[in-house]
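Reckoned from all heavy atoms, side chains included, excluding hydrogens, waters and symmetry mates.
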Amino acid sequence: MFSIEHEFDSTVVTLVDEGDGPLQEDVIVNGFEECITVEQYDPRTDQVNRITFSMSQMRDLAAAISLPEGVYSREEKAG
């Protein structure tokens, strides 16, 4: 299950782990104009872990999902 919310300065997608246990904590993806953050609560440390992706890194990740093993360079399109 997931939800999508549009905030003032970001789009927030929350991914909820469902099904047979053990289940993981919710993953929250915040889409800002200049970056994407991914957050997940860690009950062992009682802290939220956050990773920040630049927009270029997100485009690389999206492209990498469907590619076979290897090393790649993605060219930015002009204009």
Side-chain angles (χ1 to χ4, degrees):
M1 180 178 95
F2 64 93
S3 68
I4 301 171
E5 301 173 58
H6 298 289
E7 302 290 335
F8 172 71
D9 63 345
S10 70
T11 297
V12 180
V13 177
T14 302
L15 309 173
V16 179
D17 200 8
E18 299 184 283
D20 297 332
L23 300 177
Q24 298 294 316
E25 296 290 331
D26 295 355
V27 173
I28 300 171
V29 180
N30 290 285
F32 297 96
E33 186 175 335
E34 69 282 353
C35 68
I36 305 288
T37 62
V38 179
E39 301 174 344
Q40 186 177 42
Y41 173 72
D42 184 348
R44 295 170 297 157
T45 61
D46 194 31
Q47 293 184 331
V48 173
N49 295 314
R50 178 182 294 133
I51 298 172
T52 302
F53 293 92
S54 69
M55 297 313 281
S56 179
Q57 287 173 314
M58 265 326 284
R59 287 188 291 273
D60 288 348
L61 177 59
I65 289 173
S66 62
L67 293 171
E69 184 175 337
V71 177
Y72 301 88
S73 178
R74 192 178 46 78
E75 292 185 26
E76 295 287 333
K77 294 181 180 179

Run Q47 and D42 through side chain to side chain contact (heavy atoms under 4.5 Å, CB included) and show every step you take. CA-CA 6 Å; Q47 293 184 331; D42 184 348; 5.6 Å; no

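- T37 and N30 share a side-chain donor-acceptor pair at under 3.5 Å.
- Shown here for T52 and Q57, the closest heavy-atom pair between the two residues is O-OE1, 4.0 Å.
- Remark: E34 CD is packed, more than 12 non-hydrogen atoms of other residues, nucleotides or ligands lying under 6.0 Å away.
- Atom CD in E39 sits 11.5 Å away from atom CG in D26 (nearest 0.5 Å).
- Within 6.0 Å of the CZ atom in F2, the count of heavy atoms belonging to other residues, nucleotides or ligands does not exceed 12.
- Distance alone, capped at 3.5 Å, places no donor-acceptor pair between the Q40 side chain and the I28 backbone.
- Both L61 and V29 belong to a single network of hydrophobic side chains, linked directly or stepwise wherever heavy atoms of I, L, V, M, F, W or Y lie under 4.5 Å apart.
- Cluster membership check: V38 shares its hydrophobic cluster with M55, using side-chain heavy-atom separations under 4.5 Å among Ile, Leu, Val, Met, Phe, Trp and Tyr.
- D46 and Y41 share a side-chain donor-acceptor pair at under 3.5 Å.
- In the hydrophobic clustering of ILVMFWY residues, with side-chain heavy atoms under 4.5 Å counting as a link, I4 and L15 come out together.
- How far CE of M58 is from SG of C35: 11.0 Å, rounded to the nearest 0.5 Å.
- Considering every non-hydrogen atom in both I36 and G31, the closest pair reads CD1-CA, 3.6 Å.
- In this structure, the separation between CG on D60 and OH on Y72 is 12.5 Å, given to the nearest 0.5 Å.
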